[in-house]
Amino acid sequence: MDDTQWEIVILTGAGISQESGLDTFRDKGGIWSKVNIEDVATPNAYQKHPKRVQEFYNARRRPLIEGLIKPNAAHNALARLEKEWSSENRGKVTIVTQNIDNLHEMAGSKNLIHMHGEILKARCQKCGNILICNTDLGFEEVCPECTGKDVLRPHVVWFGEMPLEMDHIYALLEKCALFISIGTSGNVYPAAGFVQFVGVNLNVYKIELNLEPSEGATLFDEARYGAATDPIPLFVEELLLNGIPSRN
């Protein structure tokens, strides 16, 4: 396969950040086993109890602001893949992440789409302005763009809202030669449907790197299981050495 003509698209979920100290969502002991989605992660929850929602995201933001959470070997391996694949003129690597943390950026990844938003940013509900948020978010802040007060919310996608940059993501998936799914349960759409979308193209190699089989595990050509820092650096090493696997 001519690697210079195709994209590598990597979907990452909460599992890649678990070894950095961030909770997953749907695993036993994950965030949604402790807090009800309906209470903190929907537009209706924010409308009814904005203070509770803000406090939930403030608590999740603080460890990142304070530098208590660092990228792990899996994040570093993906950043290395992007850098070396590009420097060798073999094509482009893009990470599409469901995560709202900034660990991919801290590791050095550049081609990155946060489809569920970013916790270290706030968004104005009045004018749509997006700004850096490196502190607790409350109700006294003023939007620097429209000067509105009590209008800033976390720049995250809540349940019932459309994920970000979907047209861009599907355009990348349409021309990728390798699709890698990492650390995701496979039951949250539309991300869970990406493997089916790329599967229409018989030339796309699909691999799952996960702690355990996802709900869509049978749709992949290959699967490797274990904590993220085990299979991911190894697969990146193999990919840089041998190129994209062929389905033939």
Run through the side-chain heavy atoms of Ile, Leu, Val, Met, Phe, Trp and Tyr, join any pair under 4.5 Å, and report what else lands in V142's cluster.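 Hydrophobic cluster check, V142: no partners found.
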Contact between [X] and [Y] at the side-chain level, heavy atoms closer than 4.5 Å - yes or no?
X	Y	answer
M166	M115	yes
V198	K206	yes
I207	D221	no
S246	Y205	no
L120	I65	yes
L164	I113	no
L81	I10	yes
L211	Y225	no

Over all atoms of both residues, closest heavy-atom pair of [X] and [Y]:
X	Y	answer
C146	K126	SG-CD, 3.8 Å
A122	C133	N-CB, 3.8 Å
S17	L103	OG-CD1, 3.7 Å
F220	S214	CE1-OG, 4.4 Å
C143	L152	CB-CD2, 4.1 Å
P245	L178	CD-CD1, 4.5 Å

Candidate list R62, E55, R61, test side-chain hydrogen bond (donor to acceptor under 3.5 Å, both in side chains), partner N58, passing option: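 Of the listed options, the one satisfying the test is R61.
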Between [X] and [Y], is there a donor-acceptor pair closer than 3.5 Å when you use the side chain of the first and the backbone of the second?
X	Y	value
W85	R90	yes
S87	K83	yes
N99	A14	yes
N111	V93	yes

Quick one: ring pair (Phe, Tyr, Trp, His ring centres under 6.0 Å) pairs with a partner in residues 117-149, sequence neighbours left out?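 Listed by first then second residue: nothing to list.
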Taking only residues at least two apart or on different chains, which pairs with a member in residues 93-136 satisfy ring pair (Phe, Tyr, Trp, His ring centres under 6.0 Å)?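 As it turns out, the ring pair (Phe, Tyr, Trp, His ring centres under 6.0 Å) pairs with a partner in residues 93-136, which skip direct neighbours, are H75-H104.
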Criterion side-chain contact (heavy atoms from CB on, under 4.5 Å) on L241 and L239, from CA distance to verdict: CA-CA 5 Å; L241 181 63; L239 191 57; over 6 Å; no
Distance only, no hydrogens: is a donor on one side chain within 3.5 Å (strictly under) of an acceptor on the other, for [X] and [Y]?
X	Y	value
N72	S20	yes
E208	S181	no
T42	N44	no
T97	T12	yes
T184	Q98	yes

To the closest 0.5 Å, what do you measure between [atom1] ([X]) and [atom2] ([Y])?
X	Y	atom1	atom2	answer
M106	N76	CE	CG	10.0 Å
S185	E212	OG	CD	9.5 Å
L22	L64	CG	CG	6.0 Å

Should Y46 and R52 be marked as a side-chain contact (heavy atoms from CB on, under 4.5 Å) after you check the CA-CA gap, both sets of side-chain angles, and the distance that decides it? CA-CA 8 Å; Y46 188 71; R52 179 168 61 189; over 6 Å; no
Within a 6.0 Å radius of atom CD on Q47, are there more than 12 heavy atoms belonging to other residues, nucleotides or ligands?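 No, because the 6.0 Å sphere around CD of Q47 holds 12 heavy atoms or fewer from other groups.
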Could you walk me through whether T94 and I8 satisfy the side-chain contact (heavy atoms from CB on, under 4.5 Å) test, starting with their C-alpha distance in whole Å, then the side-chain angles of each, then the deciding distance to 0.1 Å, before giving a yes or no? CA-CA 6 Å; T94 303; I8 295 175; over 6 Å; no
Let me check something: do [X] and [Y] share a hydrophobic cluster, defined by ILVMFWY side-chain heavy atoms less than 4.5 Å apart, either directly or through other members?
X	Y	answer
L112	I180	yes
V40	I119	yes
L11	M162	yes
I182	L240	yes
V195	F197	yes

Dump the intermediate steps for salt bridge (charged side-chain N to carboxylate O under 4.0 Å, His left out) on E237 and R80, then the final yes or no. CA-CA 10 Å; E237 195 74 42; R80 176 195 173 199; 2.7 Å; yes
Should the pair [X]-[Y] be classified as a salt bridge under the 4.0 Å nitrogen-to-oxygen rule?
X	Y	answer
E7	K92	no
K70	E19	no
R224	E238	yes

Passes side-chain contact (heavy atoms from CB on, under 4.5 Å), D101 versus I69? Steps please. CA-CA 10 Å; D101 61 59; I69 306 297; over 6 Å; no
Just jot down the side chain to side chain contact (heavy atoms under 4.5 Å, CB included) partners of I132, sequence neighbours excluded, or say none.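 Counting only residues at least two positions away or on another chain, I132 forms a side chain to side chain contact (heavy atoms under 4.5 Å, CB included) with K121, N134.
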Apply ring pair (Phe, Tyr, Trp, His ring centres under 6.0 Å) to F194 and list each qualifying residue two or more places apart in sequence or on a separate chain.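 For F194 the ring pair (Phe, Tyr, Trp, His ring centres under 6.0 Å) partners, ignoring immediate neighbours, are Y170.
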Sequence neighbours excluded, every pair satisfying side-chain hydrogen bond (donor to acceptor under 3.5 Å, both in side chains) that has a member inside residues 144-153: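 Only E140-K149, R153-E161 qualify under side-chain hydrogen bond (donor to acceptor under 3.5 Å, both in side chains).
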